[in-house]
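Numbered from 1 within each chain, the chains take letters A, B, ... in sequence-line order.
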Amino acid sequence: MPEGHAIHRHARRQRDLLAGRRLRVTSPQGRFAAGAARLDGRRLQTVDARGKHLLYRWEDAEALHVHLGLFGKFTVHRNDPPPPTEGTRLAMSADGVTVYLAGPTICELLDPDAEDALLARLGPDPLVHGRDSGPFAASLSRRRIPIGAALLDQKVVSGIGNVYRAELLFLCGIHPARPANGLRDEEIVALWDRAVTELRAGARSGRIVTVVPAEVGARYRSEIPKGRRLYVYHRTAEPCRRCGMPVAVTEMANRSIWYCPGCQPD
DNA sequence: GGGTGATGCTGAG
DNA sequence: TCAGCCTCACCCC
């Protein structure tokens, strides 16, 4: 159930465990049998993340492209792995480590042209592009759609999902219905900067925690209990943690988005 | 034990 | 715009 921070974590972990090694690659489920056969026995060079996409680079083979979608899941086993489940699309293993992948939206091989096309349709990734908000600003300036919809559009910015879009807009005091191309320069910079900060924190900890610890009576983000880690996401009608006004919910880009009418004026 | 929604996206119409 | 795909935690009985 991943937004970009989790995908970057997977990339880093699997790079640490598997890069530079020759891997046994199979598809227990069979749906990726031909691709797995093509990769089996090859050396994995590295694993890159871009937005919510993973790209595995191999010696003498096309890139493996994985997108987890809503349900995809990796499980990593050291030493004795359990047998793969019926739904295991991909198994990659080397001595002492096995990675299973189940339920992905995408698991395919990409030739260089297809990979270029994929990367070309992804907007800047806060975990790749760093503090420069320029590409994000340029991307927003061309869109009249609401900022709440723009943040979920992976062509505009890649790696943000439904939790981060609501939380980032709250943190920046921006109403989700405001037109993307109507934001002030300083709001765009603040939004991008927040995205970089929050996704980095999420990638470090593996959790999405956006609240300022003191606001919920904690000293560190890591000690905030489940249920108090977010300001607005999934908190319909509950009081805003800052102003007490009931959190509102609406539909945007086919998904629910939560916001505080008090802290995020129209 | 069944039903449902969910941190996502694509492609048909 | 909407159905479809994939899995599982959580809710309610």
I'd like the P distance from B:dG13 over to C:dC5, given in whole Å. 14 Å
Kindly indicate whether the side chain of A:Trp58, heavy atoms from C-beta on, has any atom under 4.5 Å from the side chain of A:Gln45. no
Please determine whether a side-chain nitrogen or oxygen atom of A:Lys73 lies at a distance below 4.0 Å from atom OP1 or OP2 of C:dT7. no
What is the pairing partner of C:dC6, taking Watson-Crick or G-U wobble pairs with both distances under 3.5 Å in any strand? none
Check: A:Asp125 main-chain N/O paired with A:Arg50 side-chain donor or acceptor under 3.5 Å: no
Atom-pair distance (CZ on A:Phe32; C1' on C:dC5), nearest Å: 18 Å
So what does A:Arg165 hit on the nucleic acid, given a heavy-atom distance under 4.0 Å: a base, only sugar-phosphate, or nothing? nothing
Round to the nearest Å and state the distance from A:Leu230 atom CG to B:dA6 atom P. 14 Å
I need the CG-P distance between A:Leu90 and C:dT7, as an integer number of Å. 14 Å
The side chain of A:Phe71 lies closest to which of these nucleotides: B:dC9, B:dG8, C:dT7? C:dT7
Look at the side-chain N and O atoms of A:His67 and state whether any lies under 4.0 Å from the OP1 or OP2 oxygen of B:dC9. yes
Nearest-angstrom distance from the residue atom CZ of A:Phe74 to P of C:dC6: 17 Å
Checking ring-ring contact (aromatic ring centres under 6.0 Å, His included) for the pair A:Tyr164/A:His5: CA distance, chi angles, key distance, verdict? CA-CA 10 Å; A:Tyr164 277 122; A:His5 69 297; 5.3 Å; yes
Between C1' of C:dA3 and CG of A:Leu70, the distance in whole Å: 15 Å
A:Thr88 vs A:Asn254, nearer the 5' end of DNA chain C by closest nucleotide: A:Asn254
Which listed nucleotide (B:dG8, B:dC9, B:dA6) is nearest to the side chain of A:Thr105? B:dG8
Rounding to an integer number of angstrom, what distance separates B:dG1 and C:dC6 when you compare their P atoms? 24 Å
Can you check the A:Asp153 CG to B:dT10 C1' distance for me, whole Å? 14 Å
Any salt bridge between A:Arg242 and A:Glu215, counting N to O under 4.0 Å? yes
Ignoring the backbone of A:Arg31, work out which of C:dC5, B:dA6, C:dC8 is nearest its side chain. C:dC5
Rounded distance in Å - CZ (A:Arg255) to P (B:dC9): 8 Å
Check every strand shown and say whether A:Arg121 touches a base, only sugar-phosphate, or nothing at a heavy-atom separation below 4.0 Å. sugar-phosphate
Between A:Arg57, A:His8, A:Arg15, A:His53, which is the residue that forms a side chain to side chain donor-acceptor pair (under 3.5 Å) with A:Asp48? A:Arg57
Could you tell me the separation between the CG atom of A:Leu118 and the C1' atom of B:dT10, rounded to a whole number of Å? 14 Å
So, applying side chain to side chain contact (heavy atoms under 4.5 Å, CB included) with A:Leu140, which one of A:Val157, A:Ile147, A:Leu151, A:Asn181 is it? A:Ile147
Just to be sure I understand the rule, does A:Lys155 reach a base, reach only the sugar-phosphate, or reach nothing, if contact means heavy atoms closer than 4.0 Å? nothing
Would you mind telling me which residue lines up with the more 5' stretch of DNA chain C, A:Glu86 or A:Lys226, judged by nearest nucleotide? A:Glu86
